[in-house]
Protein chains: 2
Amino acid sequence: MDTKQAVIALSCLAQEARLQIFRLLVQTSPAGLAAGEIAIRLNMPASTLSFHLKELSHAGLVKSVQSGRFVYYSTNFNTMNALMAFLTENCCGGEQSCSKPENCS
Amino acid sequence: MDTKQAVIALSCLAQEARLQIFRLLVQTSPAGLAAGEIAIRLNMPASTLSFHLKELSHAGLVKSVQSGRFVYYSTNFNTMNALMAFLTENCCGGEQSCSKPENCS
DNA sequence: TCTATATTTCCACAATAATGGAAATATAGT
DNA sequence: ACTATATTTCCATTATTGTGGAAATATAGA
């Protein structure tokens, strides 16, 4: 992951509707949910949802599979994990205790 | 952390200049850097840097301490760790293997 | 108090992004 | 072929955000 990709991924998540979608998919992974089901659960117009799902896909944060008339969306953990790693890269200059940034304060 | 706070934090990071600043501070934590030193290292005009540091502070992602004429900025790991946790909350519905989302794919 | 240095505020311009209804497209079942 | 259902595309409107020079503010040292 480089800075440009990270900005795209972060911009994607930096939006209330998309953040809700993303978190819902994290929680329902790895199975994922059909677009319509997401729309119902988040009470979101189909066109708005579709717009946001496209953005999330483009950023590589979610993936989709078609199954009949349904399109199932789920989290792409590769991108997500890469993003997390990028944000904490070389934390505290590589100091021992910071290999897990949860330990930092 | 709630959705609103997370959006603020993510919006903050979803910007090339701020992401660079943030990562630089992650790497130089816990000591941090003076504003002027950040400006030099990132080759950024002082006013632009100041604007972005203010945003990062407001989002709780960095903290600052004044020391003489210098203001030292450093990462606020509390917010950062809370953000990470929020994004991966209840991953895969709480399934065992997903307690660490690095294991998910 | 005067000067040098560090940081922040002010301002105006330019560019980008979110929303949702209506229509279009795609798939399944009869 | 027809109907019902699922999803996406199109479009126009509205609002928000990043930028950097110049000036203002703050602190330290002589």
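Computed from a prediction, not measured in an experiment: that's the story for all the values here. Protein chains get the first letters and strands the later ones, always in sequence-line order, with residue 1 at the start of each.
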Between protein and nucleotides 17-30 of chain C, map the contacts as a letter string: B base, S sugar-phosphate only, - none, heavy atoms under 4.0 Å, written 5' to 3'. -SBBBB----BS--
Transitively linked via ILVMFWY side-chain contacts under 4.5 Å: B:Leu33 with B:Leu42? yes
Shared hydrophobic cluster, A:Met80 / A:Leu24 (ILVMFWY, side-chain heavy atoms < 4.5 Å): yes
Ignoring hydrogens and angles, tell me if any N or O in the side chain of A:Arg23 forms a donor-acceptor pair with the backbone of B:Phe86 under 3.5 Å. yes
Quick one: B:Glu16 CD to D:dT17 P, roughly how many Å, whole number? 19 Å
Please state how far atom NZ in B:Lys54 lies from atom P in C:dA6, giving the value in whole angstrom units. 22 Å
Please work out if A:Tyr73 contacts a base, only the sugar-phosphate, or nothing of the nucleic acid, heavy-atom cut-off 4.0 Å. sugar-phosphate
Nearest whole angstrom, please: distance from the P of D:dT19 to the CG of B:Leu49. 11 Å
Might you work through the side-chain contact (heavy atoms from CB on, under 4.5 Å) test for A:Phe77 and B:Cys98, ending with a clear yes or no? CA-CA 11 Å; A:Phe77 285 101; B:Cys98 295; 6.0 Å; no
Does A:Gln66 have more than 12 heavy atoms from other residues, nucleotides or ligands lying within 6.0 Å of its CD? yes
A:Met1 reachable from A:Val7 in the ILVMFWY side-chain graph, under 4.5 Å edges: yes
Does anything in residues 27-41 of chain A come within less than 4.0 Å of DNA chain C? Heavy atoms only, and list the residues if so. none
Report the distance from atom CD1 of B:Ile21 to atom P of C:dT8, rounded to the nearest whole Å. 11 Å
Using atom CZ of A:Phe70 as one end and atom C1' of D:dT8 as the other, report the distance to the nearest whole Å. 16 Å
Interatomic distance, B:Leu53 CG vs C:dT9 P [rounded to whole Å]: 11 Å
Calculate the interatomic distance between A:Leu10 atom CG and D:dG18 atom P; express it in whole Å. 13 Å
Flag if over 12 foreign heavy atoms under 6.0 Å of CG, A:Asn43: no
For A:Arg18 and A:Ser11, the nearest pair of non-hydrogen atoms, with its separation, is NH2-O, 3.3 Å
Please check if A:Leu25 and B:Met84 belong to a single hydrophobic cluster, counting links between Ile, Leu, Val, Met, Phe, Trp and Tyr side chain heavy atoms closer than 4.5 Å. yes
